[in-house]
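What you see below is based on every heavy atom in this structure, not just the backbone, and it leaves out hydrogens, waters and symmetry mates. Chain letters run A, B, ... following the sequence lines, proteins first and then strands; every chain starts at 1.
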Number of protein chains: 2
Amino acid sequence: MSETREAILAAARTRAQAHGYSGLNFRDLAAEVGIKSASIHYHFPTKADLGAALARRYWEDSAAELEALRGEFPDPASALRKYPEVFRKALANDNRMCMCGFMAAEYDDLPAAVKAEVKAFADVHVAWLAKVLSSADGRADADTAKERARAIFAAIGGAQLMARSRADIALFDAIVESYRRVGLLPG
Amino acid sequence: MSETREAILAAARTRAQAHGYSGLNFRDLAAEVGIKSASIHYHFPTKADLGAALARRYWEDSAAELEALRGEFPDPASALRKYPEVFRKALANDNRMCMCGFMAAEYDDLPAAVKAEVKAFADVHVAWLAKVLSSADGRADADTAKERARAIFAAIGGAQLMARSRADIALFDAIVESYRRVGLLPG
DNA sequence: ACCTGAACACCGTTCAAGT
DNA sequence: ACCTGAACACCGTTCAAGT
């Protein structure tokens with residue numbers, strides 16, 4: 001609710017998408033928000049608290065975005081076709097990446113509360129993909145859809161990671177096209 | 001050549017596979033090697049020098065490993081079938097990941113010299129995959145093989161990242177199986 | 001309720017000094 | 001040739017103090 005708290009979360013999000021959890025630092029963050037480093041601790045007692053709130057907000061927003069996508073494209077095949085766009089946006093925004101993808105790499109150094117939210121992000125995406133896949137193919141059972149959903153989620157995340165490492169969004173597009181050609185994603 | 005230098009590189013490798021480039025710190029590294037933090041600078045003037053040497057050694061070793069795999073499995077389909085094992089090993093080693101995959105996420109904070117070596121790592125893998133894919137399928141032209149190679153590299157990297165975020169090597173195996181089922185990887 | 005300055009132990013880095 | 005202690009500006013964190 002607090003405006004400052006929201007400003008901190010917003011600034012931290014773009015920073016974490018570029019520098020990860022370990023790359024977040026209170027002094028730069030505070031400077032961007034217009035307060036002092038020590039003041040952040042009033043809103044988030046520790047960096048772990050900030051990280052957990054940040055990751056939770058991230059998957060909540062992502063869940064809402066996916067639901068909106070589903071609403072905009074009721075046809076399952078169309079929704080699936082648009083799915084990679086969600087990851088593409090981060091790259092288009094100054095070669096940023098999915099915050100939770102970054103945090104997946106940082107797993108060893110993540111506080112337990114942050115780990116849990118990162119897991120929730122993946123769960124949200126896999127659940128959404130599985131649901132859409134199921135409605136696209138009535139024959140597929142739930143386990144098959146979930147397995148396929150995890151493969152898609154992992155593959156798109158990998159494409160984003162590779163494209164980021166070359167700051168080449170066209171590479172992301174090319175890899176997604178390859179996924180479509182091979183049948184991992186609907187054409 | 002220097003024994004200390006080699007010990008630094010070896011210790012830095014396992015650390016970077018778990019904590020990334022930003023997670024490397026001279027004091028812990030020095031303690032593991034048995035010298036003082038300041039002494040590392042004799043062998044690597046800056047952290048950027050260490051990072052570049054580390055990433056270069058990493059792709060050189062990886063290239064040798066892939067060539068050995070090719071030698072052990074002259075049949076292209078068998079070599080491709082064994083490829084995911086290279087990434088699986090890192091997860092089996094205390095849930096570590098590909099150092100260059102981690103560094104791909106850290107792209108924004110990487111010195112230019114390190115970025116170049118991370119790119120070289122991807123190039124080595126894509127070139128190897130493209131070569132093996134071409135010999136597996138004589139009809140495929142070079143561009144098609146390279147495109148497919150990039151898709152495989154990205155997808156396997158993504159599977160590793162997702163499995164790491166849950167410390168679940170069985171998830172990696174399951175995703176790889178999905179890739180096989182869909183035809184991204186040979187069965 | 002919200003913010004701050006000052007202090008703490010930690011980082012990479014430098015450098016003069018050791019052997 | 002190789003290593004070290006001490007110092008520097010930087011981190012997250014704490015806390016007493018402000019409004």
Open item on the list: Please classify the nucleic acid contact of B:Leu24 as base, sugar-phosphate, or nothing, using heavy-atom distances under 4.0 Å.
Closed with: sugar-phosphate
- [ ] Could you tell me whether the phosphate oxygens of D:dC3, OP1 or OP2, come under 4.0 Å of any side-chain nitrogen or oxygen in B:His43?
- [x] yes
TODO: May I ask you to evaluate whether A:Ser39 reaches the phosphate of C:dT4, defined as a side-chain N or O under 4.0 Å from OP1 or OP2?
DONE: yes
TODO: Would you please confirm or rule out a distance under 4.0 Å between OP1 or OP2 of D:dA1 and any side-chain N or O of B:Ser2?
DONE: no
Task: Rounded distance in Å - CD1 (B:Ile8) to C1' (D:dA1) - done: 14 Å
Open item on the list: At less than 4.0 Å, is any side-chain N or O atom of A:Thr4 found next to OP1 or OP2 of C:dC3? Yes or no.
Closed with: yes
Open item on the list: Looking at C:dC3, I'd like to know if its phosphate oxygens (OP1 or OP2) sit under 4.0 Å from a side-chain N or O belonging to A:Tyr42.
Closed with: no
Open item on the list: Quick check for you: among C:dC2, C:dT4, C:dT13, whose closest atom lies nearest to any side-chain atom of B:Ser37?
Closed with: C:dT13
TODO: Just do the ring-ring contact (aromatic ring centres under 6.0 Å, His included) check on A:Phe172 and A:Phe87 with the steps written out, would you?
DONE: CA-CA 9 Å; A:Phe172 177 79; A:Phe87 287 76; 7.4 Å; no
Task: Base partner of D:dA7, which must satisfy Watson-Crick or wobble distances under 3.5 Å - done: C:dT13
TODO: Under a 3.5 Å limit for both distances, which nucleotide forms a Watson-Crick or G-U wobble pair with C:dG18, could you say?
DONE: D:dC2
TODO: Could you work out which one of D:dG5, C:dT13, D:dG12 sits closest to the side chain of A:Phe26?
DONE: D:dG12
Task: Closest nucleotide among C:dC3, D:dG12, D:dT4 to the A:Arg27 side chain - done: D:dG12
TODO: For B:Ile35 and C:dG18, give me the distance from atom CD1 to atom C1', rounded to whole Å.
DONE: 16 Å
Task: Salt bridge B:Arg57-B:Glu117, side-chain N to carboxylate O under 4.0 Å - done: no
Task: Nearest-nucleotide pick for B:Lys47, side chain only, options being D:dG5, C:dT13, C:dG5 - done: C:dT13
- [ ] Please state whether the phosphate of D:dC2, meaning OP1 or OP2, lies under 4.0 angstrom from any side-chain nitrogen or oxygen of B:His41.
- [x] no
Task: Rounded distance (Å) that lies between atom P of D:dC11 and atom NE2 of A:His19 - done: 12 Å
Open item on the list: Side chain of B:Asp28, heavy atoms from C-beta onward: which of D:dT4, C:dC11, D:dT13 has the nearest atom to it?
Closed with: C:dC11
Task: Whole angstrom value for the distance that separates C1' of C:dT14 from NZ of B:Lys36 - done: 18 Å
Task: Rounded distance (Å) that lies between atom P of D:dG5 and atom CD1 of B:Ile40 - done: 14 Å
- [ ] Find the distance B:Asn25:CG to C:dG12:P and express it as a whole number of Å.
- [x] 5 Å
- [ ] May I ask you to check if B:Lys47 and B:Tyr21 form a cation-pi contact, with NZ or CZ under 6.0 angstrom from the six-membered ring centre and within 45° of the axis?
- [x] yes
Open item on the list: Between B:Glu106 and A:Arg164, does any side-chain N to carboxylate O distance fall below 4.0 Å?
Closed with: no
Task: Sidechain N-carboxylate O distance under 4.0 Å for B:Arg70, B:Glu65 - done: no
